[in-house]
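Note sheet for the following structure.
Chain naming here is simple, since letters A, B, ... match the order of the sequence lines and numbering starts at 1 in each.
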Amino acid sequence: MVMKQTPSQTVGPYFAYGLTAQQYHYPHSQYADGCLVTDQTQGERIRIVGRVLDGHGDVVDDAMIEIWQANAAGRFDHPNDAREARPLDPAFKGFGRFGTGTTPDNSFRFDTIKPGAIRDGVAPFISVIVFGRGIMNHAYTRLYFSDETTANAADPVLEKVPADRRNTLIATRNDTATGVEYRFDIRMQGDNETVFFDF
Amino acid sequence: MSKFTPRDWASHPSYLSPEYKSSRLRGVSRNLVEIDPELAELTGPAFGEEVLGPLDNDLTRNGRVNGEPLGERIIVTGRVLDENGDPVPNTLVEVWQANAAGRYVHIRDQHDAPLDPNFLGAGRCVTDENGEYRFMTIKPGAYPWGNHPNAWRPNHIHFSLFGPTIATRLVTQMYFPGDPLLDLDPIYQSVPAQSRERLVSQFSIDVTEENYALGYVFDIVLRGVNATPVEA
Ligand SMILES: [Fe+3]
């Protein structure tokens with residue numbers, strides 16, 4: 001190693017017009033937002049809704065969430081995933097970004113598809129990155145699905161998580177009038193603190 | 001599976017840095033669970049020039065309504081490298097900052113300093129094949145905040161970078177050399193002492209453009225990633 005990593009710093013309270021400008025109605029574009037799908041995207045449409053909660057259980061209204069996921073076939077749209085047997089979907093990139101300051105309850109919301117399992121023996125999941133004022137280093141977590149009980153029970157990453165904390169990674173499925181919704185609250189601290197990963 | 005360097009916790013702040021009040025209830029308090037990176041961590045959104053608008057890297061122009069923004073024009077440039085010293089090409093760099101008076105366009109910024117109708121304070125660019133990026137902007141002003149009595153943030157520009165995969169993601173802040181507020185700023189001070197200076201840009205007369213703008217150099221180092229394709 002000849003160079004040392006540049007230290008992380010909080011995203012601060014004022015990221016909205018820089019990173020999520022259209023969502024917050026500032027006159028600047030943004031690369032990615034809460035909608036990962038088009039009419040052409042393959043796979044089961046789902047909505048992910050959640051809130052970021054602080055150590056007092058109060059809702060964090062200036063957090064930013066990013067998600068990264070495989071497509072319905074379990075393939076990532078990235079050169080490091082060259083597995084031809086799992087087709088790319090030209091209508092799905094797999095990246096989303098949403099700030100918690102524009103919805104009435106300060107939730108984050110993603111319209112996406114349920115990812116396929118990325119290989120045999122692992123449960124489907126979505127990678128989640130949490131940023132916010134007061135969060136010095138972005139925090140990595142994973143969203144698993146409550147209706148994948150069998151696959152979750154055999155998943156090697158969930159296995160690494162202490163059994164009494166696994167529930168913090170499971171999004172709860174609700175079948176609503178407007179489609180399938182998974183609820184995924186992120187607790188930064190407290191009794192039910194979300195499991196965050198280092199890798 | 002590819003190897004890449006871990007997050008170097010001797011370089012990064014602690015999640016709980018009590019002098020910075022907001023971290024007390026928001027910082028991760030339990031140990032991180034270590035996992036072996038797999039495809040999900042060794043991939044990420046791949047950006048290219050196609051996401052850029054023509055003025056995205058010129059903050060002195062991309063917010064103009066009826067004239068030029070006020071303040072000291074500066075050029076901010078540098079290289080994005082990994083820990084091996086290899087350039088990180090074609091990666092998105094997003095920036096945002098206060099105007100010359102220390103005021104953000106953000107609706108929640110209530111600092112009693114003027115907004116500049118011709119300055120938005122947000123921009124982005126993509127690194128070239130040598131990992132170089134370059135912005136034209138206005139030197140941001142210091143601003144007060146409520147962390148403690150008479151608290152002022154040093155002049156800074158916020159940076160967000162991806163690198164090749166989600167594992168290399170970095171959000172940070174660039175500071176200016178010789179700023180007396182650095183010693184008093186709990187956010188800057190949250191970084192381990194031996195690593196702080198990596199957040200301070202350097203003045204460069206070579207980057208400075210005669211009769212036009214001062215130049216600052218800020219190199220950014222991401223985790224080293226082995227780009228070899230991985231087997232699932
Ligand atoms: Fe700031």
Side-chain angles (χ1 to χ4, degrees), chain A residues 1-19 21 26-29 31-32 54-56 58 60 68 70 76-83 93-95 118-119 125 127 129 131-140 157 160-161 188-189 193 195-199, chain B residues 5 7-8 11-15 17 22-23 25-30 32-37 39-47 51 53 81 83-85 92 94-96 104-106 108-109 120 122 158 160 166-167 169-173 187 190-191 195 198-199 220-221 223 229-230 232:
Chain A
M1 239 65 71
V2 297
M3 312 285 290
K4 291 276 204 181
Q5 288 170 25
T6 299
S8 172
Q9 296 269 267
T10 171
V11 77
Y14 303 135
F15 63 82
Y17 69 92
L19 300 179
Y26 288 104
H28 185 54
S29 60
Y31 173 75
D54 72 11
H56 280 160
D58 291 331
V60 175
W68 171 244
F76 291 100
D77 185 7
H78 186 277
N80 280 355
D81 187 352
R83 301 172 299 167
K93 287 189 183 308
F95 180 70
I118 60 173
R119 61 186 160 84
F125 66 90
S127 296
I129 317 179
F131 305 82
R133 168 170 64 85
I135 302 175
M136 316 297 265
N137 306 281
H138 57 274
Y140 294 104
V157 167
K160 286 204 130 194
V161 174
M188 300 309 298
Q189 296 179 1
E193 180 174 321
V195 168
F196 297 103
F197 293 106
D198 200 17
F199 44 76
Chain B
T5 53
R7 279 214 264 189
D8 174 15
S11 290
H12 299 295
S14 310
Y15 277 113
S17 298
S22 297
S23 81
L25 286 174
R26 293 176 169 202
V28 176
S29 78
R30 301 185 68 165
L32 301 178
V33 174
E34 274 187 54
I35 56 174
D36 292 329
L39 269 175
E41 289 77 34
L42 297 174
T43 55
F47 300 91
V51 308
L81 305 165
E83 286 172 284
N84 304 313
L92 184 71
E94 295 166 281
V95 296
W96 66 103
Y104 284 95
V105 163
H106 196 287
R108 289 210 190 149
D109 182 2
L120 173 68
H158 295 266
S160 167
I166 65 163
R169 189 87 175 83
L170 178 73
V171 169
T172 190
Q173 302 182 26
I187 294 182
S190 70
V191 174
S195 309
R198 282 176 235 152
L199 293 179
I220 298 165
V221 180
R223 292 165 66 174
V230 290

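If you tally non-hydrogen atom pairs under 4.5 Å between each of B:I220, B:D109, B:L81 and chain A, the highest count goes to B:D109. In terms of heavy-atom pairs under 4.5 angstrom with chain A, the leader among B:D36, B:N84, B:T172 is B:T172. When each of B:V95, B:V28, B:V191, B:L92 is scored by its heavy-atom pairs under 4.5 Å with chain A, the top score falls to B:V28. When each of A:A21, A:S29, A:A16 is scored by its heavy-atom pairs under 4.5 Å with chain B, the top score falls to A:S29. Listed options A:Y14, A:F131, A:F95 were ranked by heavy-atom pairs under 4.5 angstrom with chain B; first place goes to A:Y14. Counting heavy-atom pairs under 4.5 Å between each of B:S17, B:S14, B:A122 and chain A puts B:A122 at the top.
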Worksheet entry | Candidate pair A:V11 and B:W96, rule side chain to side chain contact (heavy atoms under 4.5 Å, CB included), full reasoning | CA-CA 10 Å; A:V11 77; B:W96 66 103; 3.7 Å; yes

Item to complete: Show your working on side chain to side chain contact (heavy atoms under 4.5 Å, CB included) between B:V221 and A:K4 and close with a plain yes or no.
Response: CA-CA 7 Å; B:V221 180; A:K4 291 276 204 181; 6.0 Å; no

Worksheet item: Does the pair A:M188 and B:L25 meet the rule for a side chain to side chain contact (heavy atoms under 4.5 Å, CB included), with working shown?
Response: CA-CA 8 Å; A:M188 300 309 298; B:L25 286 174; over 6 Å; no

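With rounding to the nearest 0.5 angstrom, the OG atom of A:S8 is 9.0 Å from the CG atom of B:L199. Annotation: the span from B:E41 atom CD to A:W68 atom CH2 amounts to 11.5 Å, rounded to 0.5 Å. Atom OG1 of residue A:T10 and atom NE2 of residue B:H158 lie 8.0 Å apart, to the nearest 0.5 angstrom. How far CZ of B:R223 is from OG1 of A:T6: 13.5 Å, rounded to the nearest 0.5 Å. Between the NZ atom of A:K160 and the CD1 atom of B:I35 there is a distance of 8.0 Å, given to the nearest 0.5 Å. Note that the CG atom of B:L32 and the CZ atom of A:F197 stand 10.0 Å from one another [nearest 0.5 Å].
Both the backbone and the side chain of B:S195 have a heavy atom closer than 4.5 Å to some heavy atom of chain A. Of the two parts of A:F76, only the side chain, counted from C-beta on, holds a non-hydrogen atom closer than 4.5 Å to a non-hydrogen atom of chain B. Heavy atoms of A:Q5 lying under 4.5 Å from chain B belong to its backbone as well as its side chain. For a residue to count as touching a neighbouring chain, one of its non-hydrogen atoms must lie under 4.5 Å from one of that chain's; by this rule A:F199 touches chain B with backbone and side chain alike. For a residue to count as touching a neighbouring chain, one of its non-hydrogen atoms must lie under 4.5 Å from one of that chain's; by this rule A:N137 touches chain B with backbone and side chain alike. Interface remark: A:Y26 contributes side-chain atoms only to the contact with chain B (heavy atom separation under 4.5 Å). For B:I166, the parts lying under 4.5 angstrom from a heavy atom of chain A are both the backbone and the side chain. For A:V2, the parts lying under 4.5 angstrom from a heavy atom of chain B are both the backbone and the side chain. Of the two parts of A:F15, the backbone and the side chain both hold a non-hydrogen atom closer than 4.5 Å to a non-hydrogen atom of chain B. Residue contact with chain B, scored on non-hydrogen atoms closer than 4.5 Å, involves the backbone and the side chain of A:A139 alike.
Looking at B:T43, its side chain never comes within 3.5 Å of a backbone N or O of A:N80 through a donor-acceptor pair.
Summarising the geometry of B:G27 relative to A:Q189, their closest heavy-atom pair is O-NE2, 2.8 Å, with the distance given to 0.1 Å. Closest of all the heavy-atom pairs between A:G134 and B:R26 is O-CB, 4.2 Å. Summarising the geometry of A:M136 relative to B:S23, their closest heavy-atom pair is SD-CB, 4.2 Å, with the distance given to 0.1 Å. In plain terms, the two heavy atoms of A:V161 and B:V33 that are nearest each other are CG2-CG1, 4.5 Å. When every heavy atom of A:H78 is checked against every heavy atom of B:G44, the shortest pair comes out as CD2-O, 3.0 Å.
Considering only heavy atoms from C-beta on, B:R108 stays 4.5 Å or farther from A:P13 through its side chain.
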